[in-house]
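Letters A, B, ... mirror the listed sequences (proteins, then strands); counts begin at 1.
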Amino acid sequence: MRVVVICGHGDNHVEPVEIEPNVYEIAPTGEMRVPARVYGSESLVEAMRTADDQTLAQIQDVATLPGIQQFAVVLPDGHRGYGFPVGSVAAVDADDGVISPGGVGFDINCGVRLLRTGLTFQDVAGRESMLADRLFQTIPTGLGPGSSLDTDISDVRGVLETGVEWLLNEGHARKADLEHCEENGRLPGDPNAVPTEALKRGVDQVGSLGSGNHFLEVQRVSEVYDSAAAAAFGIDLDEIVVMIHAGSRGLGHQTCSHYIDEFERAYPDLAESLPNEQLVYAPLSDRLAGEYRSAMNAAANFAWANRQVMTQAVREVFSDLFEEADVQLVYDVGHNIATEEHHAVGDDEQTLLVHRKGATRALPAGHPDVPDAYADIGQPVFVPGDMGSRSYVLAGGSRSLERSFGSAPHGAGRAKSRTQASREYAAGELQQALRARGIFVRAQSGETLTEESPGAYKNVDEVVHVCHELGLGTKVAQTTPLANIKG
DNA sequence: ATGTCC
């Protein structure tokens with residue numbers, strides 16, 4: 001490995017050293033308290049080093065955070081984000097550490113869920129275009145208001161407090177939906193910690209897809225790598241599944257912005273001392289950290305509920321079109337959240353606050369937080385590719401705890417900026433090209449299509465290969481797109 | 001990601 005000089009925020013001269021295949025480490029320099037650990041193939045890590053991507057400088061800055069443990073992690077899909085890279089993990093001591101909104105992301109608890117339908121490709125063949133139309137008509141997409149559930153402020157407060165449980169009580173979820181959702185779709189959220197303006201934005205957005213890289217995709221299981229695991233997840237070759245990628249909409253975004261402002265006001269000297277002001281944080285012992293956590297958890301509940309309400313819409317559409325459809329939740333897992341967890345650090349077990357930003361929790365078989373049905377397999381992990389490519393179903397790997405605090409990649413990872421992608425691609429051509437391959441795409445905006453063009457993403461096969469080889473998540477199945485709706 | 005600039 002040759003020596004590479006990164007010109008980051010502090011002119012850090014770093015040498016990412018390959019310590020084993022697909023594992024790179026940057027030794028602590030300057031204010032770094034721990035090393036930075038980068039997982040990726042040579043070409044993926046090389047992409048992180050290009051002049052316009054500050055991923056490696058960012059993760060070194062993250063490694064300076066008070067209370068950070070072991071190493072700051074970049075996953076194979078990592079790329080530049082607000083303060084922290086998208087595709088990073090930072091675990092801090094639950095007592096002496098800090099919480100940083102930049103380590104969670106603006107779209108709080110954005111995540112992915114997978115539904116199985118009980119249908120095979122033969123059942124839907126020839127009706128993909130109609131399916132795309134019906135889903136697009138039924139589920140609100142794009143920026144701004146649009147809800148598939150009639151709610152008022154007090155309903156949203158209920159959602160913020162108890163998440164999917166609130167929907168179950170209101171008849172918008174099945175008990176099995178709770179059991180197959182990370183944290184049972186509920187973290188200890190406090191609606192009173194969510195700013196009123198955010199709450200108002202949430203009223204019209206329960207059960208809405210959003211924009212950008214969010215999507216709802218009908219897929220066909222095109223390959224099974226591990227038939228025992230696939231059977232446990234209830235999916236089979238040629239089965240039709242639905243993947244939903246969405247978050248907490250304007251509510252989460254507004255909540256994040258609000259607390260970044262609050263943190264900046266409360267700690268005016270902090271920004272000056274930080275390598276990057278976007279890393280603004282609050283010590284976990286401070287009242288403000290507790291408030292942010294309560295708000296973040298509430299927004300997380302909103303995100304789970306949002307994906308649940310869209311699931312209900314999918315159930316309606318499928319039962320309308322296919323008598324024999326039985327839409328069930330395989331699993332739902334977020335990738336923008338900080339949760340308190342117990343981890344082995346050296347010889348000790350320690351309580352840590354694990355920031356995952358664009359990183360999926362990937363708990364191995366036997367872990368107590370894996371649903372009973374999957375206890376022997378590991379937690380389901382979903383890695384969507386770009387619009388035109390396959391997606392993967394994985395199971396939390398045996399080495400994820402030691403390597404990444406129990407985390408895996410969350411997608412292909414952006415390779416080109418939105419603006420760059422918009423310049424290079426045309427919406428009409430893209431839609432036609434996909435259609436020629438049997439993929440029916442519906443989107444509110446042509447701009448979204450070009451920004452999300454397959455060419456704007458890294459190769460998902462390569463990301464998943466690294467993930468599998470490292471034991472972060474092991475391959476269970478591959479899916480290919482049939483119909484995709486976007487914002 | 002986001003009523004993409006209160």
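Distance CZ (A:Phe106) to C1' (B:dT2): 9 Å, rounded to an integer number of Å. Following rounding to the nearest Å, A:His253 (NE2) and B:dT4 (C1') show an atom-to-atom distance of 8 Å. What separates CG of A:Asn306 from C1' of B:dT2 is a distance of 14 Å, to the nearest Å. Note: NZ (A:Lys200) to P (B:dC6) measures 16 Å, nearest angstrom. Atom CD in A:Gln444 sits roughly 13 Å away from atom P in B:dT2 (whole-Å rounding). Rounded to a whole Å, the CG atom of A:Leu143 is 7 Å from the C1' atom of B:dT4. Between A:Gln254 atom CD and B:dC6 atom C1' the separation is 11 Å, expressed in whole Å. Going from atom CG of A:Asp261 over to atom P of B:dC6 covers 11 Å, rounded to whole Å.
Within the 4.0 angstrom heavy-atom criterion, no nucleotide atom of any strand lies near A:Glu447. Within 4.0 Å of A:Ser211, counting heavy atoms only, lie sugar-phosphate atoms of the nucleic acid but no base atom. Among the protein residues, A:Gly247 comes within range of no part of the nucleic acid, since none of its heavy atoms lies under 4.0 Å from any strand.
A salt bridge between A:Asp177 and A:Arg315 is present, with a side-chain N of the basic residue lying under 4.0 Å from a carboxylate O of the acidic one. Ion pairing between A:Glu447 and A:Arg418 fails under the 4.0 Å rule for side-chain N and carboxylate O.
At B:dT4, none of the side-chain N or O atoms of A:Arg418 fall inside 4.0 Å of OP1 or OP2 (strictly under the cut-off).
Taking the six-membered ring where the residue is Trp, the centroids of A:Phe263 and A:Tyr292 are separated by under 6.0 Å.
The side-chain heavy atoms of A:Ser248 and A:Asn109, taken from C-beta on, include no pair separated by under 4.5 Å.
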